[in-house]
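Remarks on the structure that follows.
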Amino acid sequence: MSGTPVKRALVLGGSGGIGSALAQRLRSDGCDVTTFSRSADGFDITDEAAIQQALGKLDPPYHTIITATGALTSDNAQPEKSLRALDPETLAAQFAVNATGPALVLKHAQRLLPKRERAVFAALSARVGSIGDNNLGGWYSYRASKAALNQLIHTAAIELSRSHKQAICVVLHPGTVTTAFTENYRNHASVPPEQAAANLITVLDGLTPEQTGQFFDWAGKPVPW
């Protein structure tokens, strides 16, 4: 007896606070979910060979792919409060995790996205990566790496739309989420991972291909570049 085909989803960073909540939410919505993470699978977002190997084992289609990886700091370095604290190695490490890695995931994951059905690729960004919304300064490495991620995904969305007409490729700001990731940096209200995941999936469910390449917050509101 045939029924509605099960949608398949892939979550990178699937053992983290938001990643695991996203995977669980997608499963509760009836998706067949695959996850990769450093702690569970040794998945290294900074190693293209590891990305290619992991994704190369998968067969299409995957209707939803979410990159939920990222780092606020590198090697226990605190976010920079001034130019005096700017360190080239820390800057490069933040770019590798927050910008280069997710872009390489899309590079190797695009073959998994269906070409003639609705498909979603989303990467978790942050409002502090917005140039237009930056009124406080500081956090040079994290801000710059997230701004780079936004540009990479925006650019890739243009290319992807040529071959995948129904694709939606976006960056998302999840808000401040109560996880170990933000434990030392919560200066305003936060939400539990389960609520953040529900918010993000609701946003993704409501997007159309005409909105590909954009930057949205957890409530579905556009974030300035």
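Numbering starts at 1 and runs along the sequence shown.
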Atom pairs and distances, donor-acceptor, side-chain atoms in residues 196-203, under 3.5 Å, two or more places apart:
| unit_1 | atom_1 | unit_2 | atom_2 | d |
| --- | --- | --- | --- | --- |
| Asn199 | OD1 | Gln195 | NE2 | 2.9 |
| Asn199 | ND2 | Gln195 | O | 3.2 |
| Thr202 | OG1 | Ala198 | O | 2.8 |

Could you note down all residue pairs passing salt bridge (charged side-chain N to carboxylate O under 4.0 Å, His left out) where residues 198-214 supplies at least one of them, sequence neighbours left out? none

Are the side chains of Thr155 and Glu159 in touch, meaning some heavy atoms are under 4.5 Å apart? no

ILVMFWY cluster membership beyond Ile131 - transitive side-chain contacts under 4.5 angstrom: none

Using atom types as modelled, flag every donor-acceptor pair under 3.5 Å from a side chain in residues 40-50 to any protein atom, sequence neighbours excluded.
| unit_1 | atom_1 | unit_2 | atom_2 | d |
| --- | --- | --- | --- | --- |
| Asp41 | OD2 | Ser37 | N | 3.0 |
| Asp44 | OD1 | Arg38 | NH2 | 3.1 |
| Asp44 | OD1 | Thr46 | N | 2.9 |
| Asp44 | OD1 | Thr46 | OG1 | 2.7 |
| Asp44 | OD2 | Thr46 | OG1 | 3.3 |
| Asp47 | OD1 | Ala49 | N | 3.0 |
| Asp47 | OD1 | Ala50 | N | 3.4 |
| Glu48 | OE2 | Lys107 | NZ | 2.7 |
| Glu48 | OE2 | His108 | NE2 | 2.8 |

Atom NE2 in His154, atom OG1 in Thr212: separation rounded to 0.5 Å? 9.5 Å

Side-chain donor or acceptor of Glu80 paired with backbone N/O of Ser141 under 3.5 Å: yes

Quick one: does any side-chain atom of Gln166 pair with a main-chain N or O of Pro209 as donor and acceptor, under 3.5 Å? no

CG-CD1 distance between Leu113 and Ile65, expressed to the nearest 0.5 angstrom: 4.0 Å

Could you name each residue pair satisfying salt bridge (charged side-chain N to carboxylate O under 4.0 Å, His left out) that touches residues 7-17, not counting sequence neighbours? Lys7-Glu117

How long is the straight-line distance from CD of Gln214 back to CG of Leu172, given to the nearest 0.5 Å? 11.5 Å

side-chain hydrogen bond (donor to acceptor under 3.5 Å, both in side chains) filter on Ser125, not counting sequence neighbours, yields Asn150

Residues that Ala99 engages under side chain to side chain contact (heavy atoms under 4.5 Å, CB included), provided they are two or more places apart: Phe95, Ala148, Leu149, Leu152

Donor-acceptor contacts, no H, no angles, side chain residues 215-225, under 3.5 Å, sequence neighbours left out:
| unit_1 | atom_1 | unit_2 | atom_2 | d |
| --- | --- | --- | --- | --- |
| Asp217 | OD1 | Ala219 | N | 2.9 |
| Asp217 | OD1 | Gly220 | N | 3.1 |
| Asp217 | OD1 | Lys221 | N | 2.8 |
| Asp217 | OD2 | Arg127 | NH2 | 3.2 |

What side-chain donor-acceptor pairs closer than 3.5 Å can you find for residues 28-35, not counting sequence neighbours?
| unit_1 | atom_1 | unit_2 | atom_2 | d |
| --- | --- | --- | --- | --- |
| Ser28 | OG | Arg25 | O | 2.6 |
| Thr34 | OG1 | Tyr62 | OH | 3.1 |

Worked check of side-chain contact (heavy atoms from CB on, under 4.5 Å) between Arg118 and Ile168: CA-CA 8 Å; Arg118 185 180 188 274; Ile168 300 162; 3.5 Å; yes

Residues sharing Ile158's hydrophobic cluster, by side-chain heavy-atom contacts under 4.5 Å among ILVMFWY, directly or via others? none

Decide yes or no for Asn98 and Tyr142: does some side-chain heavy atom of the first lie under 4.5 Å from some side-chain heavy atom of the second? yes

Result of checking Val11, Leu55, Val105 against Phe36 for side chain to side chain contact (heavy atoms under 4.5 Å, CB included): Leu55

Could you list the cluster mates of Leu136? Members are the ILVMFWY residues connected by side-chain heavy atoms closer than 4.5 Å, either directly or through other members. none

Please determine, by modelled atom types, if Ser39 and Ser15 share a side-chain donor-acceptor pair under 3.5 angstrom. yes

What salt bridge (charged side-chain N to carboxylate O under 4.0 Å, His left out) pairs are there with at least one residue in residues 148-157, not counting sequence neighbours? none

